[in-house]
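The figures here come from the full heavy-atom set of this structure, side chains too, leaving out hydrogens, waters and symmetry mates.
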Amino acid sequence: MRAFTYERVRTPQEAAQAVARTPGARFIAGGTNLLDLMKLGIERPTHLVDVNRLGLDTIEATAEGGLRIGAMVRNADLAAHARVRRDYAVLTRALVAGASAQLRNKATTGGNLLQRSRCPYFYDTSKPCNKRQPGSGCAAIGGFSRNLAILGVSDKCISQHPSDMAVAMRLLDAKVETMMPDGTTRAIAIANFHTLPGETPHIENVLKAGEFITAVSLPKPLGGKHFYRKVRDRASYAFATVSVAMVKGPGVQRFAFGGIGTKPWRVEAAERLSGADAIAEAVLAGAQSTQQNRFKLALTRRTLAAVLTEA
């Protein structure tokens, strides 16, 4: 057990300030990812800042006709919310597909967006990993890569993004609202929130030191029918091998993909096309697969075709 200090804060700005002033500090909410990483020695925070009592656990309508979801809203509450189920059903379906009921009862909206890699080499501290230790190398390249990414990869990292919720949020054009230690705020389009690995795989999002997620806002509903199809190695709460989120109806066609990209993957130009083959060709342009995960190319096409058929 590594020693660390702990504090509870009263406001979002206090939370941001506490993390910014303490080297090695981390926010803790549900802890469903962070605590596992601490037990394995991957995360070694010197200080934990408990953000559970900040009142950021409500879902409210916005003046623009959308929803504002507090960062501490539990995944179970978000999935079950009447307005979400009616107007943003793809989000409910992604959340329910993403984890067990016990995890959904603890995991938060903000924390879900910040999930770290599920690459087996990230979790194995005896192996090199550029996400865990920048510059150490990537054991996944040339190693076991069956479930890793084929889009957005680099020669430094091929880890897939793990979140189901974030795929639905990307489809819905969500914005991530944050607070800085100095009290200023910003709203980050989710398309720009997660970063590609490039030369710096350890930098997974655009948050600055101490910047704290306070809410996620959704624009007014898209209408149409909502779908979330997740293909995985086992039926019970495994991470996606390939997932497809889709909204389709009069005047609207959108797709976002999980399991295949180093971030939630959406190619907006593909949404103007028709036919599974043409859409898949546009989405998979530039894909770089390994011998072990090359099957994801065909699986993505077939999963997309199945969702379009269902629609």
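Considering only residues two or more places apart in sequence or on other chains, T303 meets the side chain to side chain donor-acceptor pair (under 3.5 Å) condition with none of them. Partners of R302 under the side chain to side chain donor-acceptor pair (under 3.5 Å) rule, at least two apart in sequence or in another chain, do not exist in this structure.
Judged purely by distance below 3.5 Å, without hydrogens or angles, the side chains of Y6 and R8 pair a donor atom with an acceptor atom. Checking T109 against N112 by side-chain atom types alone, no donor-acceptor pair falls below 3.5 Å. A side-chain donor-acceptor contact under 3.5 Å links T5 and H47.
The shortest side-chain heavy-atom distance between P197 and K156 does not fall under the 4.5 Å cut-off. Using a 4.5 Å heavy-atom cutoff, the side chains of Y228 and D164 are in contact.
Between S159 and A149, the closest heavy-atom pair is O-CB, 3.8 Å.
Here the side chain of N105 pairs no donor or acceptor atom with the backbone of R74 at under 3.5 angstrom. Although no hydrogens or angles enter the test, the distance criterion places a donor-acceptor pair under 3.5 Å between the side chain of R132 and the main chain of F122.
Here E211 pairs with R186 in a salt bridge; the nearest charged N to carboxylate O distance falls below 4.0 Å. Taking 4.0 Å as the cut-off between side-chain N and carboxylate O, E43 and R116 count as a salt-bridged pair. Here D173 pairs with R266 in a salt bridge; the nearest charged N to carboxylate O distance falls below 4.0 Å.
Applying the 6.0 Å contact sphere to CD of Q292 captures more than 12 heavy atoms from other residues, nucleotides or ligands. Around the CZ atom of R301, the shell of radius 6.0 Å holds more than 12 heavy atoms that belong to other residues, nucleotides or ligands. Under a cut-off of 6.0 angstrom, the local environment of CZ in R53 is sparse, with at most 12 non-hydrogen atoms contributed by other residues, nucleotides or ligands. Atom CD of E7 has more than 12 neighbouring heavy atoms from other residues, nucleotides or ligands inside a 6.0 Å radius. Within a 6.0 Å radius of NZ in K106, no more than 12 heavy atoms belonging to other residues, nucleotides or ligands are found.
In summary, of the residues considered (K131, K263, H194), a side-chain hydrogen bond (donor to acceptor under 3.5 Å, both in side chains) with E204 occurs for K131 alone.
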